[in-house]
Amino acid sequence: PEPKPGGNVAFYCVETSARLCRRMKMLQALHTALANDELFLCFQPQIDANNHNVIGFEALLRWQHPEFGLVSPVEFIPLAETSGLIIPIGAWVLTQACQQMQRWLEEGFGPMRIAVNLSARQFESMDLYPLVCRTLAETNLAPHHLELEITESIAMQNAEQVLGIMQQLTDDGVMLAMDDFGTGYSSLSYLKGYPLNVLKIDQVFVRHFLDDESDEAIIKAIIALSQSFKLAVIAEGVETQAQAERLKALGCQYFQGYLFSKPLTAVQATLWLEQQQGL
Ligand code: C2E
Ligand code: CA
Ligand code: CA
Ligand code: CA
């Protein structure tokens, strides 16, 4: 058949409106996701490169919806951010994550910490610091068992306010990690002014660094920076033994990735810990 004039345009419109429709339906569903118990956390182990001990877990949010199925956080976190739903959802994540870590510590696992992702919106709402304090008190978790992962875009907005909150948190002993390090803008200035404990090397650099000299150069530079600034460094997206060995040789201290474990449900993570720590 002859291609219709303007066929591409029409196709494009149908395509985008279908996607828009899905987004709007999803946004509506997200409003009731918490109340309907559709959210849950997965936990991905973080590993010491030297002895392969677990040093903690990153909490990763999941949404299981009756119609949409398992929705990726890459799709629904932006919706939660623009709608403001990230505020109640983020508070829920923090509580669940601290609660689970405290449970593991009480069961005798450890020493470990739980890493929780924060969105910029959570920093904009002035009560992030009191929220963290309240959550730690309510879950009975000591501050040094909590690590908050922030991104460069958070640090860029409201620099003064963000810095103030970060200072309060680290003064209390909460750990701060810079997530996806090197993927944002002007990363280096944050190293100077911000009270960070950990740099996370983004998986885009890890994926191909064994056969890509530029990626390897970036990883080397991040590790050198972490050493100069006395920060811990963790590589994410470690999928192969060869990557882990090379990263360790370059001076990377900690790993996170499918080589060790995919993100696990709380039940799976507990079984995984039992195997690891023999309890
Ligand atoms: P992220 O913080 O960079 O998290 C790492 C992502 O890499 C996770 O995707 C994890 O499942 C995936 N990953 C871990 N190891 C490997 C590996 O070896 N290979 C590959 N290919 N991928 C690996 P996930 O769980 O889909 O989360 C995506 C993003 O959603 C996160 O990226 C984070 O930005 C956001 N997110 C997840 N949970 C939360 C949350 O509770 N709050 C906020 N604000 N954002 C969250
Ligand atoms: Ca993260
Ligand atoms: Ca990351
Ligand atoms: Ca990432």
Side-chain angles (χ1 to χ4, degrees), residues 30 33-34 38-47 56-64 69-101 113-125 128 131-132 135 146-154 157 175-184 187 196-210 219 222 233-244 247 252 254-266 268-269 272:
L30 196 56
L34 259 186
E38 292 162 5
L39 299 179
F40 63 100
L41 292 184
C42 278
F43 301 89
Q44 188 175 35
Q46 300 180 327
I47 303 293
F57 289 86
E58 178 176 4
L60 293 160
L61 187 56
R62 298 288 179 263
W63 180 20
Q64 179 72 55
L70 190 61
V71 189
S72 164
V74 176
E75 189 168 13
F76 74 82
I77 294 280
L79 287 177
E81 284 172 341
T82 50
S83 63
L85 283 170
I86 194 68
I87 300 297
I89 290 175
W92 180 87
V93 168
L94 192 63
T95 302
Q96 294 294 309
C98 291
Q99 225 165 47
Q100 182 59 65
M101 182 45 67
R113 56 188 192 231
I114 187 78
V116 175
N117 291 284
L118 288 183
S119 292
R121 287 291 291 268
Q122 292 174 274
F123 267 91
E124 286 161 19
S125 78
L128 178 65
L131 174 78
V132 172
T135 307
L146 175 63
E147 183 168 290
L148 298 175
E149 295 195 0
I150 67 167
T151 59
E152 291 161 276
S153 66
I154 293 182
Q157 298 158 22
M175 309 279 286
L176 289 181
M178 183 64 87
D179 203 359
D180 303 343
F181 187 74
T183 62
S187 344
L196 294 169
N197 306 97
V198 180
L199 295 184
K200 291 193 83 172
I201 303 175
D202 193 75
Q203 48 183 284
V204 296
F205 304 122
V206 174
R207 196 165 300 142
H208 304 299
F209 84 102
L210 288 179
I219 289 177
I222 296 176
V233 64
I234 172 162
E236 62 180 25
V238 181
E239 295 186 352
T240 68
Q241 197 62 51
Q243 288 172 335
L247 283 164
C252 182
Y254 304 114
F255 303 138
Q256 181 180 340
Y258 295 169
L259 174 61
F260 304 96
S261 172
K262 295 203 167 188
L264 304 168
T265 64
Q268 291 170 330
W272 186 92

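Residue numbers start at 1 and run along the sequence shown. Atoms within a ligand are numbered from 1 in the order they appear, just like the ligands themselves.
- Residues satisfying the side-chain contact (heavy atoms from CB on, under 4.5 Å) criterion with Pro78, sequence neighbours excluded, are absent altogether.
- Taking 4.5 Å as the limit, some side-chain heavy atom of Met178 sits within range of a side-chain heavy atom of Ile150.
- Only side-chain heavy atoms of Val93 come within less than 4.0 Å of ligand 1; its backbone N, CA, C and O stay farther off.
- For ligand 1, the polar-atom distance check finds an N/O of Gln203 within less than 3.5 Å of one of the ligand's N/O atoms.
- Between Phe260 and Phe255, the angle of the ring planes stays under 30°, which puts this pair in the parallel group of the 30/60° scheme.
- For a threshold of 3.5 Å applied to N or O pairs, the pair formed by Gln256 and ligand 1 contains no separation below that value.
- Not counting sequence neighbours, the partners of Glu147 by the side chain to side chain donor-acceptor pair (under 3.5 Å) test are Arg113.
- Only the side chain of Asp180 comes within 4.0 Å of ligand 1, counting heavy atoms alone; its backbone N, CA, C and O stay farther away.
- For ligand 1, one of its N or O atoms has an N or O atom of Asp179 under 3.5 Å away.
- Both the backbone and the side chain of Asn117 come within 4.0 Å of ligand 1, judged by heavy-atom distances.
- With contacts defined as side-chain heavy-atom distances shorter than 4.5 Å, the pair Met101/Phe57 qualifies.
- Within the 4.0 Å heavy-atom shell around ligand 1 one finds Arg62.
- When Leu60, Val116, Leu39 are checked for heavy-atom proximity to atom 8 (C) of ligand 1, Leu60 turns out nearest.
- Here Lys262 has no heavy atoms under 4.0 Å from ligand 1, in either its backbone or its side chain.
- Residue Ile77 holds the heavy atom nearest to atom 46 (C) of ligand 1 of all those in Val206, Ile77, Leu94.
- Atom CD1 of Ile89 and atom CG of Leu34 lie 5.0 Å apart (nearest 0.5 Å).
- Closest approach of Asp180 and Glu236 over heavy atoms only: OD1-OE2, 3.3 Å.
- Residues Leu247 and Phe209 share a closest heavy-atom pair of CG-CZ, 3.7 Å.
- Polar contact check, Asp202 against ligand 1: no nitrogen or oxygen pair lies under 3.5 Å apart.
- Not a single heavy atom of Lys200 sits closer than 4.0 Å to an atom of ligand 1.
- Of all heavy-atom pairs spanning Leu196 and Leu199, the tightest one is CD1-CD2, 4.4 Å.
- Nearby protein atoms of type N, O or S around the Ca ion (ligand 2) amount to 4 (distance under 3.0 Å).
- Counting heavy atoms under 4.0 Å from ligand 1, residue Gln44 touches it through the side chain alone.
- Considering both main-chain and side-chain atoms, Glu81 never comes within under 3.5 Å of ligand 1 through any nitrogen or oxygen pair.
- Here the shortest heavy-atom pairing between Leu146 and Cys98 reads CD1-SG, 4.2 Å.
- Below 3.5 Å of separation, one finds no N or O of Val74 facing any N or O of ligand 1.
- Looking only at atom types and distance, the side chain of Gln46 has a donor-acceptor partner in the side chain of Gln256 under 3.5 Å away.
- Using a 4.0 Å cut-off between heavy atoms, Pro263 contacts ligand 1 through its side chain alone, with no backbone atom that close.
- In this structure, Leu118 CG and Leu94 CG are separated by 7.5 Å, a value rounded to the nearest 0.5 Å.
- Residue pairs that meet the salt bridge (charged side-chain N to carboxylate O under 4.0 Å, His left out) test with at least one member in residues 69-85, sequence neighbours left out, are Arg22-Glu75.
- Taking only non-hydrogen atoms, the option from Tyr258, Phe260, Trp92 nearest to atom 17 (C) of ligand 1 is Tyr258.
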